[in-house]
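First up is the structure itself, then whatever we jot down about it.
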Amino acid sequence: MELLPKSLNILVVGSGGREHALLQACLASPLAATVTAAPGNAGMALEAPCHPLDSDDPAAIVALARKLGSNFVIVGPEVPLANGAVDALAAAGITAYGPVRAGALLEASKTHSKAFLERHGIPTARAAKFAATAPALEYLRAHPLPVVIKASGLAAGKGVVIAHDAASAERAVRDMLDARVFGESGAEILIEEFMEGEEASIMLMVCGTRFVMLPPSQDHKRAHDGDTGPNTGGMGAYAPADVVTPEVRQRVVSEIVEPTLRGLAAEGVDYRGTLYVGIMVTAEGPKVVEFNVRFGDPECQVLLPLFETDPVRLMHDCATGDLRPADLRLRDGSAVILTLAAHGYPGSVRKGDPISLPAPEEMPPATQILHSGTKLGPEGTLLTAGGRVLGAVARGKDLHEAVERAYALAAKIHFDGMHYRRDIAARQLNRSRA
Ligand code: AMP
Ligand code: GLY
């Protein structure tokens, strides 16, 4: 279907940095007539109308899209996808980007995705699933260390414990299965072999068995420098990530992506949307760590700056079945994002700290500030309102320049308790210097 300029009334669902980046891509798209977001955040509200929305509720999304006359909905986060938002929009005759519920199960249930990977012979860590504590602890006794304990359901990136000793492995099992620290998401757990290697994020825009592969990126999930501290939703990212060499990329396509898309189709899932494959590049080759069914956050924020093709057209083409894989054109250079986190993150977070941002003329070149957990206070002051508060994004002719610019930008942003990692992309920079 040939899309006419200004033919789309777009609704972006979500409120994080990823959705802020998607909103900007929509605002820049020649296809957009109107662009609205829901629920959005303080930064998004400066750029487009934002509507209140319980974004977890598919019926509420449909009602809002109808009210706004939206003819294209981009669903950012995983929870509405897992709840069937795209199925509900399709039933209402509204085109939407993102997989249907049956596809979203690849992220919403780690036991489901592990079984899928095993069924289709796709490389991943060996694992066993448990719903009761005693057999889980019994299994642990014979398992080598370190061992990985995962809550099966959605846990905002925090439901994974890498245990280096028996006591912490046992504690993780009891926390999930007995104390239900992740609620029902921890009613089933996986106990999984630890994979040694370097991680990378591979994002694909998928239309059935056709896809475009976006540049590989690397997230930094641990809270502190040197990959120490607890897991987070993501403390920073860069793209492209060299750890995905052309050879690794080829193996990812033939050993992971193609069998996954063929497997989905064979199981009757018409997958349209982003497929995020978290991989570990091990000595035996790339293996799947996890699937996500939406753009990564913060990885999305470093991929969109590298697009030359209009990402909105690609998303729409995926949604309508028109994707032509040759259509992706990218820019040279690298992009980096630093997550500026609130006091206490990833533990219990303090909210309401006033934020000071640089004036537009003080911004370093090719940089932007994306909002995640922000809100406007009573006098119009910008306040922290979540764990990941802002993203400092920069593009550069190479990774070195992008990193320098991102840190120069972060140095101009202040709020009490603000913390961020000082070593985003350091591994790749050190490798390229060596
Ligand atoms: P997940 O939510 O499954 O992506 O897990 C969160 C993080 O835990 C991953 O990004 C990895 O850094 C780490 N992780 C998960 N599973 C494994 C594994 N089997 N071996 C090593 N690290 C893992
Ligand atoms: N940054 C990791 C994720 O989006 O799941």
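Remember, predicted model here, so these are calculated numbers, not experimental data. Just so you know, ligand 1 is whichever comes first in the structure, and atom 1 is the first atom listed for that ligand.
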Q.
Heavy atom to atom 3 (C) of ligand 2, shortest distance: which of Lys221, Glu107, Arg294, His220 holds it?
A. Arg294
(Q) Would you compute the distance between atom OH of Tyr97 and atom SG of Cys207 and round it to the nearest 0.5 angstrom? (A) 10.0 Å
Q | Which of the ligand 1 atoms, numbered from 1, are nearer than 4.0 Å to a heavy atom of Glu199 | A | 9 (C), 10 (O), 11 (C), 12 (O)
Q.
Looking at ligand 2, is there an atom of it that comes within less than 4.0 Å of some heavy atom belonging to Gly278?
A. no
Q. What atoms of ligand 2 come within less than 4.0 Å of a heavy atom belonging to Asp219?
A. 1 (N), 2 (C)
Q.
Heavy-atom contact check, 4.0 Å cutoff: does Met280 meet ligand 1?
A. yes
Q: Within a distance under 4.0 Å of any heavy atom of Pro298, pick out the atoms of ligand 2 and give their elements.
A: 1 (N)
Q.
Can you name the atoms of ligand 2, numbered from 1 with element, that are less than 4.0 Å from a heavy atom of Glu299?
A. 1 (N), 2 (C), 4 (O)
(Q) Taking Asp317 first and then Arg313, would you say they form a salt bridge - that is, a charged N and a carboxylate O separated by under 4.0 Å? (A) yes
Q: Decide whether the shortest distance between a heavy atom of Gly296 and an atom of ligand 2 is less than 4.0 Å.
A: yes
Q) Among Arg249, Arg251, Gln250, which residue meets the side chain to side chain contact (heavy atoms under 4.5 Å, CB included) test with Glu247? A) Arg251
Q) For ligand 2, is there an atom lying under 4.0 Å from some heavy atom of Gly233? A) yes
Q. Within less than 4.0 angstrom of ligand 1, does Arg222 place any heavy atom?
A. no
Q.
Within ligand 1, which atoms have a heavy atom of Ala125 less than 4.0 Å away?
A. 19 (N)
(Q) Under a 4.0 Å threshold between the charged nitrogen and the carboxylate oxygen, would Glu184 count as salt-bridged to Arg180? (A) yes
Q: Please list, chain by chain and in numerical order, all residues satisfying side chain to side chain contact (heavy atoms under 4.5 Å, CB included) with Val243, sequence neighbours excluded.
A: Glu198, Ala200, Gln218, Ala241, Val281, Arg431
Q.
For atom 4 (O) of ligand 1, tell me which residue out of Glu290, His220, Glu193 has the closest non-hydrogen atom.
A. Glu290
**Q.** Under-4.0 Å salt bridge between Lys110 and Glu192
**A.** no
Q) For ligand 1, which atoms have a heavy atom of Ile162 less than 4.0 angstrom away? A) 13 (C), 22 (N)
Q.
Applying side chain to side chain contact (heavy atoms under 4.5 Å, CB included), can you list everything that pairs with Ser201, at least two apart in sequence or on another chain?
A. Met203, Ser217, Asp219, Tyr276, Glu299
**Q.** Atoms of ligand 1, numbered as shown, that sit under 4.0 Å from any heavy atom of Lys221
**A.** 4 (O), 10 (O)
Q: Could you tell me whether Lys221 and Glu290 make a salt bridge, using a distance below 4.0 angstrom between a side-chain N and a carboxylate O?
A: yes
Q) Rounded to the nearest 0.5 Å, what separation is found between the CG atom of Leu177 and the OG1 atom of Thr133? A) 4.5 Å
(Q) Does either side chain, that of Gln301 or that of His20, offer a donor lying less than 3.5 Å from an acceptor on the other one? (A) no
Q) What part of Asn231 sits under 4.0 Å from ligand 1 if we count only heavy atoms: the side chain, the backbone, both or neither? A) side chain
Q. Touching ligand 2 at all, Tyr276? Heavy atoms, strictly under 4.0 Å?
A. yes
